[in-house]
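Note sheet for the following structure.
Numbers restart at 1 for each chain; the letters A, B, ... are given by sequence-line order, proteins then strands.
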Protein chains: 2
Amino acid sequence: MISSKEVAKEAGVSQSTVSRVLNNSDKVSKENVAKVTEAMRKLNYRPNAIARSLVSKRSKTIALISGPLHNPFFVETTSSIVNYAKERGYNTNVFFENNGDNMTVYETVLSMQVDGIILSSVFMDDPILKELQASQIPYVMFNRKHNEGGNFVEINNYEAGKMAANHLYQLGHENFGFIGGPMYTSTFYGRYLGFTEGIAEQTMETGKVFLNETDTSEEAIADAIFKMMGRKNRPTAVFAATDAIAITAMDTLLELGYRIPQDISICGVDNVRMARHHAFELTTIGAQSNKNLGRLGIEHLINSIEAGKENMSPIQVTLEPALYQRKTTGPIKPGSV
Amino acid sequence: MISSKEVAKEAGVSQSTVSRVLNNSDKVSKENVAKVTEAMRKLNYRPNAIARSLVSKRSKTIALISGPLHNPFFVETTSSIVNYAKERGYNTNVFFENNGDNMTVYETVLSMQVDGIILSSVFMDDPILKELQASQIPYVMFNRKHNEGGNFVEINNYEAGKMAANHLYQLGHENFGFIGGPMYTSTFYGRYLGFTEGIAEQTMETGKVFLNETDTSEEAIADAIFKMMGRKNRPTAVFAATDAIAITAMDTLLELGYRIPQDISICGVDNVRMARHHAFELTTIGAQSNKNLGRLGIEHLINSIEAGKENMSPIQVTLEPALYQRKTTGPIKPGSV
DNA sequence: AGTTACCATGAATACGTATTCAGCAGGAGT
DNA sequence: ACTCCTGCTGAATACGTATTCATGGTAACT
C-alpha cells in the first residue's frame with residue numbers, strides 16, 4: 001500500500017505537504033499542489049481511511065442496528081438510511097437483530113468508533129440506552145422507543161391500535177384477533193393496548209380480542225392463524241401489528257382457503273410499499289409522511305453529529321398515523337365459508 | 001475515551017501488558033491478567049478498533065456493494081451476507097447501487113482498508129475489475145459476472161432463459177414478451193439470449209420475442225407492459241428477467257384487469273422467497289441450492305481472506321438452474337378478454 | 001555454585017495521517 | 001538598512017494499539 005510518505009518522496013516535498021494537499025489546505029503553493037497531485041496519480045495513491053480516522057477521531061461511519069429484512073418495513077428503512085447517509089458522506093455498517101444476542105453487537109459497535117448509531121430493535125427496558133448515553137456517541141432509535149425516552153422517532157402506536165379498532169368495529173365485526181410480537185417492545189405493546197382499549201370502548205365489553213403474541217417468525221404466525229381459526233367464536237377481523245405479519249398471515253389464510261375480506265378482514269400497520277401491490281391491497285395504518293421513520297431518524301442523527309456535542313438537542317418525534325383503507329377489510333359476510 | 005495506557009496506569013503495569021491481555025496472550029501472569037481485567041472493568045474500557053486496524057492491517061470489515069433493495073433478490077442476499085459475515089467475525093459496510101455513480105463508491109471502498117469486497121452490480125466490461133485486481137483486496141462478484149472472468153458466483157443465465165422458453169412454448173404460446181434490464185449486465189444479457197434462442201429453436205422462427213429493455217424502475221416496467229399489451233399480436237407469455245420485474249409487472253397487469261395466467265402467463269427468475277406467497281405463486285427459475293448466491297459468495301470471500309494472499313485460489317461458480325412451476329404460467333385461453 | 005534456559009515484563013517503535021510549531025524567504029513599510 | 005508581516009514549508013509529535021527487542025529474574029540442571 002502506497003503511503004503519503006512515499007508520495008512525498010516522489011514529489012520531492014514533505015509528508016506534511018502531501019497531507020495538506022489531501023485536505024485542500026489553501027496554504028500550499030500551486031507548484032507543489034501540482035507536483036503532489038501528479039505523484040499521487042503516478043503511484044495510484046489512496047489515502048488510508050483508517051489512519052485518517054485515528055487522528056481525526058471521526059470515522060465518517062455510522063452503525064445501523066436494524067430489525068430483520070424479512071420485514072419489508074426494515075427493507076425500506078435500511079435502504080433509506082444507507083442511501084441518505086452516503087449522500088451526506090457517511091458509510092453505514094449494518095447489523096441485523098438476531099434473536100436477542102444484541103449485546104455482542106452493541107459491544108462491537110461501541111468499539112468501532114462510529115460517529116453515530118441508529119437502531120430499531122430496542123426493548124422498552126433495554127440496558128443499551130444507558131450504555132449509549134454513557135458512551136457519548138450520538139444515537140437515535142427509530143420505530144421502537146425506550147421507556148426512559150432518549151432520542152427516538154416513532155409513530156403513535158397506541159393511536160394506531162385505536163384506529164384499527166374503530167375501523168374494524170365500524171365494519172360490523174364482533175370477534176377480533178390480534179397478532180403481534182413481543183410485548184416488551186414499544187410498538188407491539190402500544191398497538192395492542194390501543195387496539196384492545198379501542199375495542200373495549202366500542203363494544204362496551206372487555207375480552208373481545210384474542211391475543212397472539214408471536215416471535216414474528218413465519219411458523220409462529222402460521223400457528224397463530226391455526227389456533228385462532230380453530231376457535232368456536234373465531235375472529236372475523238384480525239389486526240396484525242405490522243404489515244409483515246399481515247402479509248405472512250394472508251399467506252396462511254389463503255393457503256387454508258379463506259377469502260379476504262369476505263371470510264376474514266385483516267389490517268396491518270406500517271403502510272409498507274408492498275401493501276399497495278394489487279395482489280394484496282392491504283388495508284393498513286401508517287405515518288402521514290413521505291419519508292419513512294428510518295429516513296427521519298438518519299437525518300436527525302447526522303444533523304446531531306455535525307452539530308457537535310455541545311449543540312446536541314434531544315430528538316423526540318412521534319408521528320400521528322392515518323388509516324389507508326384498501327381491500328383486505330370489509331363488512332362481515334356470515335355463512336360464506 | 002479510555003485508552004490502554006490509562007488502563008495500564010490504573011493496573012500498575014505497562015501498556016504492552018494491557019495489549020497482551022487484550023489479545024489473550026498466554027505470556028501474562030495470572031495476577032497481572034486479574035489486575036488488568038479489573039482495571040478495564042473499573043474504567044469501562046473499550047479497545048479502539050480503529051487503532052487496532054491501523055497496526056494489524058486487518059479491519060475485520062468487508063464491503064458489500066449491492067443492487068437496490070426494491071429487488072427482493074438483493075434483500076435476501078444482503079441479509080445472508082451481513083449475517084454470515086457477522087458469524088465469522090466481520091462487520092459489513094453496505095452500499096447500494098445508485099444509477100451508475102458506482103465509481104465514487106469504489107473509491108470510498110478502496111480507501112477504507114476493508115478486508116474484502118463482495119459486489120453484485122458489475123457491468124460486463126466494468127473498469128472496476130482491473131482496479132480490484134490491482135488493489136490486491138480479496139473480492140467476489142455475485143449474481144453478475146464480468147467479461148474477463150475474475151471471481152464470481154452466478155447461475156447459468158443462458159440456460160435459465162432457455163428453460164423459460166421451453167416451458168412457455170410447451171404451454172402452447174406463440175407470442176412472447178421479454179422484460180429485462182440493461183443489456184450490458186451479464187444477467188440480463190444471458191437470460192435474453194437464452195430465451196430468444198430457445199424460442200427460435202422451438203418455433204423455427206426468429207423475431208417472435210418482443211424485447212423490453214428497461215432500467216428496472218417501476219415506471220419503466222409499467223410502460224413496457226402498456227407498450228406490449230397495446231400491440232396487435234400481443235404476447236400471451238412474458239418472461240421477466242427477474243422475479244422483481246415479474247412482481248412489478250403483475251401489479252400493472254392486475255391493475256389493467258388482466259387475469260394471470262388465463263389472459264397472460266408470466267415467468268420470473270431468481271426464485272425469491274416472496275414468489276412462493278399464495279398471493280403470487282409465481283412460476284420462476286432459480287438455482288437448486290438452499291443457499292442464495294450472496295451467501296455462497298460471502299463464504300468464498302471470507303475463506304479467501306483467511307487463506308491469505310498466497311493461497312488465494314480463483315472463485316468461479318456457475319449454478320445450474322431449475323424451473324419452479326407454480327401458478328402464473330398456463331396454457332393459452334383464447335378470447336378470454 | 002555456576003551455567004543454561006525460559007518466562008514475564010517494559011521500553012521503544014511502527015502503523016499512516018493531521019496538525020502544531022518554528023523557521024525561512026521575500027515583500028512591504030519605515 | 002531595519003523591522004514587521006505574510007505565506008509556505010518541513011520537522012516533530014500525537015492518535016491508540018501490537019509487536020519486537022532487551023532485560024531482569026527465576027527455575028532447572030550440571
Side-chain angles (χ1 to χ4, degrees), chain A residues 1-37 39-40 43-61 89 107-108 110-115 135-137, chain B residues 1-37 39-40 43-61 89 107-108 110-115 135-137:
Chain A
M1 211 59 293
I2 302 293
S3 74
S4 59
K5 212 172 283 182
E6 304 177 56
V7 173
K9 193 197 284 181
E10 173 73 26
V13 298
S14 73
Q15 182 266 331
S16 316
T17 299
V18 175
S19 173
R20 282 191 264 259
V21 172
L22 219 54
N23 294 283
N24 302 312
S25 165
D26 46 352
K27 307 178 168 273
V28 184
S29 67
K30 281 145 204 72
E31 312 109 54
N32 274 347
V33 171
K35 279 198 287 185
V36 169
T37 310
M40 286 177 172
L43 300 178
N44 196 24
Y45 168 73
R46 290 183 211 283
N48 182 323
I50 295 278
R52 302 183 85 166
S53 298
L54 181 60
V55 41
S56 70
K57 296 185 172 307
R58 292 178 309 114
S59 60
K60 281 289 182 180
T61 299
E107 280 304 315
T108 327
L110 291 174
S111 282
M112 283 177 58
Q113 318 296 97
V114 293
D115 294 345
S135 77
Q136 298 272 56
I137 303 175
Chain B
M1 211 62 287
I2 303 292
S3 73
S4 59
K5 212 172 284 180
E6 303 177 56
V7 174
K9 193 196 286 180
E10 173 74 26
V13 299
S14 74
Q15 182 266 331
S16 316
T17 300
V18 175
S19 174
R20 283 190 263 260
V21 172
L22 219 54
N23 294 283
N24 302 314
S25 165
D26 47 351
K27 308 177 168 273
V28 184
S29 66
K30 281 144 205 72
E31 311 109 57
N32 274 347
V33 171
K35 280 198 287 184
V36 169
T37 310
M40 286 177 171
L43 299 178
N44 196 23
Y45 167 73
R46 290 182 209 285
N48 182 324
I50 295 279
R52 304 183 86 166
S53 299
L54 181 61
V55 41
S56 70
K57 296 186 173 309
R58 292 178 310 113
S59 59
K60 282 290 183 177
T61 299
E107 280 305 316
T108 324
L110 292 175
S111 283
M112 283 177 58
Q113 320 294 62
V114 294
D115 293 346
S135 77
Q136 299 273 57
I137 304 176

Would you mind classifying the nucleic acid contact of [X] as base, sugar-phosphate or nothing, using non-hydrogen atoms under 4.0 angstrom?
X	answer
B:Val13	sugar-phosphate
A:Ser19	base
A:Leu22	sugar-phosphate

N/O-N/O pairs, protein side and nucleotides 20-26 of chain D side, under 3.5 Å:
none

Task: Test item: A:Ser59 side-chain N/O and A:Gln113 main-chain N/O as donor-acceptor pair under 3.5 Å - done: yes

- [ ] Look at atom NZ of A:Lys9 and say whether more than 12 heavy atoms of other residues, nucleotides or ligands are closer to it than 6.0 Å.
- [x]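 Check fails, neighbour count at 12 or below.
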
Quick one: [atom1] on [X] to [atom2] on [Y], what's the gap to the nearest 0.5 Å?
X	Y	atom1	atom2	answer
A:Ser19	A:Lys5	OG	NZ	12.5 Å
A:Ser3	A:Gln15	OG	CD	8.0 Å
A:Ile2	A:Glu10	CD1	CD	9.5 Å
B:Lys57	B:Asp115	NZ	CG	12.0 Å
A:Asn32	A:Lys30	CG	NZ	11.0 Å

Do any N or O atoms of the protein come closer than 3.5 Å to N or O atoms of nucleotides 6-8 of chain D, and which pairs are they?
none

Open item on the list: In the structure I gave you, are the side-chain heavy atoms of A:Asn48 and A:Arg52 within less than 4.5 Å of one another anywhere?
Closed with: no

- [ ] Compare every heavy atom of B:Val13 with every heavy atom of B:Val18, then report the nearest pair and how far apart it is.
- [x]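 Nearest pair, atom of B:Val18 first, then B:Val13: CG2-CG2, 4.0 Å.
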
Task: Minimal non-hydrogen separation, A:Glu6 against A:Leu43, with atom names - done: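 Looks like O-CD1, 3.9 Å.
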
Task: Candidate pair B:Met1 and A:Gln136, rule side chain to side chain contact (heavy atoms under 4.5 Å, CB included), full reasoning - done: CA-CA 9 Å; B:Met1 211 62 287; A:Gln136 298 272 56; over 6 Å; no

TODO: With DNA chain C as reference, determine whether B:Gln15 or A:Met1 sits nearer its 5' end, using the nearest nucleotide of each.
DONE: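 Going by which nucleotide is closer to the 5' end, it is B:Gln15.
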
Task: Nearest-nucleotide 5' precedence on DNA chain C, B:Glu31 against B:Ala51 - done: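 Between the two, 5'-proximity favours B:Glu31.
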
Task: First-last contacting nucleotides on DNA chain C - partner chain A, under 4.0 angstrom, heavy atom - done: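 Result: C:dG16 to C:dT20.
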
